[in-house]
Amino acid sequence: MKGKIDELCVNALRMLAIDAVDRAKSGHPGMPLGAAPMAYALWTGFLRHNPANPAWFGRDRFILSAGHGSALLYALLNLSGHDLSMEEIKNFRQYGSRTPGHPERCAGCGIEVTTGPLGQGFAMGVGMAMAERFMAARYNRPGLNVIDHHTCSIISDGDLMEGVSSEAASIAGHLKLGKLIYLYDDNHISIEGSTDLAFSEDVLRRFDACGWHTERVKDGNDLAAIAKAIGRARAEGERPSLIAVRTHIGFGSPKHDTASAHGEPLGAEANRATREFFGWQRAPFEVPEEVRGRFAKAAEEGARREGEWNGLMQRYREKHPEDAARLDDEIAGRLPAGWEEVLPAFEAGKAVATRAASGKAINALARALPNLIGGSADLGPSNKSTIDGGGDFEAANHAGRNIHFGVREHAMGAIVNGLAVHGGIIPFGATFLVFSDYMRPSIRIAALMQSRSIFVFTHDSLGIGEDGPTHQPIEHLASLRAMPGIVVIRPADANETAAAWRWAISSGRPVALALSRQNLPVLDRDAVERAGGVERGAYVLSECEGEPDAIIIATGSEVHLALEAQCWLLSEHIPVRVVSMPSWELFEEQPEGYRDSVLPPSVKARVAVEAGATFGWSRWVGESGRVVGVDRFGASAPGEVAMERLGITADAVIRAVKEIL
């Protein structure tokens, strides 16, 4: 592969990218100039995709983990015939365009995932490769490999410096994800200068040690060498592959091999010099017809491959109709009839930790949803996240449903996102709420993508006790609630927990479940409202006679303190309503009339109680209200002692109500 047409196509990619950056007067031209050959070799010679149907399930997945090079991805999509017009490329980095500064998931135009925070794409690719292996193990039959595709990515020095990539690389090698191929844009330059300033390790030896197949291509412009390396990687059966391609940032420009090529437009003079270097005598954004023709052939090949896959699926349906029907449903995201009916109901009067109730819900759902898969960051027994009888997802058994992420919260969050966006999978990942800090970038990416990512966070308050302030979450609920697009649910008892899982599965949105370590009484639903109000975010749990003088709002384990306080206040003839508010976000989405029925604007006396930071509660209690919470780090003590000493008690709630009234 190195004819005149190939060279013309590579240069067309380069010119489109630098023209987009220059027109926007911002962006990253250096990476596209250096990495265009490897991208071209992959996209036209190996990547199975059909621009006419970017959602074709049998396609290879491509991730630009080095998301700052987005202009290169947009050029690839446009020339390949995806639904990304030249006008969109001209609107690069402009408000409302489909070509933002870093790629954002766009299923309709061929962008698989949102990238930019370095390392996230690398780790999401591992999740996508795991999804492929899981589905292949479940559905493929002799001669009918209906699930058989690769996950490919272009990664950067910056990706490899981020810790999340090291975690993900380790687990990918351990799991023998042989259909994972990463092209490393080894250009030796980062924003501050040469990578030697901070990065001198032998990358390939590190990946060798992690169980990867590794290769080095010495010349990033050698299309034939790149193609041969990709071919060998595709032939690799067990090991994931890393191909280090020695490139030159800003290749062909006056900023060749300089840090300034990374994130600054070339400018008019340097743009002209670059065009002269490549002999490009065309106007900005002009693409030769022969380039369009070459990429069109690759698109035709993709359509042919999809046709072959459709034929394979038809034969599969004829021979294995039940499996095929289930596979079709999972690909489409359809849930089986009656799946909700399997969720457990819990008997009033018993004491059940919401983490334990979650574990029962997971196992019940696992029986109805064969594509529910997940695990924990080495905390399965504590998180209650194990699927009984589900088997372990491991190199020798990719059909296992329990993923052992190891102590790798960073990678776990991103892998869950990769599993989710791959399609056909309902994934979850579990750890302690305090360690959501390690996962925050991944949670934020899930929120941006609106992926079906379920994050299970147990040990959600001071109630975990003796582990002390390092493990007692204080600011974490407020932090997660501050993030747009993520739904946080903190259920009050076992039945609210089952309802939370019902919403998480049915919604298809990213959700964080905050669950207790300690046992909580199962509420008598004959005496209080049914837990179905969870799906509306908040509901009147226990009403008083007549109009309330005050409202107590609570979440999670503190709902029981609210009910206790209500009982005392009612005995003193103070009418008080108790509202369970497991999810701020879901409550905010309700019609104003419903919100006002739960929290009447006329009732100004409001007290919120939650064993965490008080930050943000003012929106619900108002200027006249009070919040019983914790705005300091906790203490090592038995859970009930820690709660009492730090003021999370029914007495504190009663005093707050009386002070307001």
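Asp388 and Arg401 are not joined by a salt bridge, as no carboxylate oxygen comes within less than 4.0 angstrom of a charged side-chain nitrogen. Contact check on Arg59 versus Glu112 returns a salt bridge, with a Lys/Arg side-chain nitrogen under 4.0 Å from an Asp/Glu carboxylate oxygen. For Arg138 and Glu330, the salt-bridge test passes: some basic side-chain N is under 4.0 Å from an acidic carboxylate O. In summary, Asp83 and Arg98 engage in a salt bridge, as defined by a charged side-chain N under 4.0 Å from a carboxylate O.
Using bins of under 30°, 30° to 60° and over 60° for the plane-to-plane angle, the ring pair Trp620/Trp584 lands in the perpendicular bin. Between His320 and Tyr316, the ring-plane angle classifies as tilted under the 30° and 60° cut-offs. Note: His49 and His82 have parallel aromatic rings, judged against thresholds of 30 and 60 degrees for the angle between ring planes.
Remark: the backbone N or O of Asn495 is paired with a side-chain donor or acceptor of Asp493 at under 3.5 angstrom. Between the side chain of Asp159 and the backbone N or O of Ser156, at least one donor-acceptor pair lies under 3.5 Å. In this structure a side-chain-to-backbone donor-acceptor pair under 3.5 Å is missing from Asn363 to Ile387. A donor-acceptor pair is defined here as one N or O able to donate and one able to accept, closer than 3.5 Å; such a pair exists between the side chain of Arg490 and the backbone of Thr555. Formation of a donor-acceptor pair under 3.5 Å by the Thr115 side chain with backbone atoms of Gly121 is not found in this model. The backbone N or O of Gly485 lies less than 3.5 Å from a partner atom in the side chain of Gln450, making a donor-acceptor pair. Proximity of a side-chain donor or acceptor of Ser170 to a complementary backbone N or O of Ser166 within less than 3.5 Å is not detected. At distances below 3.5 Å, not a single donor-acceptor pair connects side-chain atoms of Asn397 with backbone N or O atoms of Phe393. Remark: the backbone N or O of Ile505 is paired with a side-chain donor or acceptor of Arg452 at under 3.5 angstrom. Between the side chain of Ser65 and the backbone N or O of Ser153 there is no donor-acceptor pair closer than 3.5 Å.
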ring-ring contact (aromatic ring centres under 6.0 Å, His included), that's the test. Do Phe455 and Phe428 meet it? Break it down for me. CA-CA 6 Å; Phe455 303 109; Phe428 65 89; over 10 Å; no

Test salt bridge (charged side-chain N to carboxylate O under 4.0 Å, His left out) applied to Arg93 and Glu104, step by step: CA-CA 12 Å; Arg93 287 181 159 234; Glu104 296 177 18; over 6 Å; no

Run the numbers on Ile147 and His149 for side chain to side chain contact (heavy atoms under 4.5 Å, CB included), then give the verdict. CA-CA 6 Å; Ile147 307 296; His149 51 264; 4.0 Å; yes

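Because its NZ or CZ atom is both nearer than 6.0 Å to the ring centre of Tyr594 and within 45° of the ring axis, Arg536 counts as a cation-pi partner of that residue. Relative to the six-membered ring of Phe615, Arg619 misses at least one condition, a distance below 6.0 Å or an angle of at most 45° to the axis.
Residues Gly463 and Gln518 approach most closely at CA-NE2, 3.8 Å, considering heavy atoms. When all heavy atoms of Glu585 and Val488 are compared, the closest pair comes out as OE1-N, 3.0 Å. In terms of heavy atoms, Ala172 sits closest to Leu180 at CB-CD2, 4.1 Å. Heavy-atom minimum distance, Pro100 versus Ser97: N-OG, 4.1 Å. Taking each heavy atom of Ala353 and Asn519 in turn, the nearest pair found is N-OD1, 3.2 Å. Pairing each heavy atom of Ala447 with each of Ile486, the nearest pair is CB-N, 4.0 Å.
Applying the salt bridge (Lys or Arg N to Asp or Glu O under 4.0 Å) test to Lys384 and every residue at least two apart in sequence or in another chain returns nothing.
Annotation: side chain of Leu177 is in contact with side chain of Val126 (closest heavy-atom distance under 4.5 Å). Two residues are said to be in side-chain contact when any heavy atoms from C-beta on lie closer than 4.5 Å; Val609 and Ile553 fail this criterion.
Residues His410 and Phe405 keep their aromatic ring centres 6.0 Å or farther apart. Taking the six-membered ring where the residue is Trp, the centroids of Phe435 and His471 are separated by under 6.0 Å.
The closest side-chain donor-acceptor pair between Trp43 and Ser80, if any, does not fall under 3.5 angstrom. Ser516 and Thr354 share a donor-acceptor pair across their side chains, judged by distance under 3.5 Å alone.
Dense packing is recorded around OH of Tyr139, with more than 12 heavy atoms of other residues, nucleotides or ligands lying under 6.0 Å away.
Applying side chain to side chain contact (heavy atoms under 4.5 Å, CB included) to Leu327 and the options Asp329, Ile331, Asp323 leaves one that passes, Ile331.
Residue Asp148 holds its CG atom at 12.0 Å from CG of Leu144, rounded to the nearest 0.5 Å.
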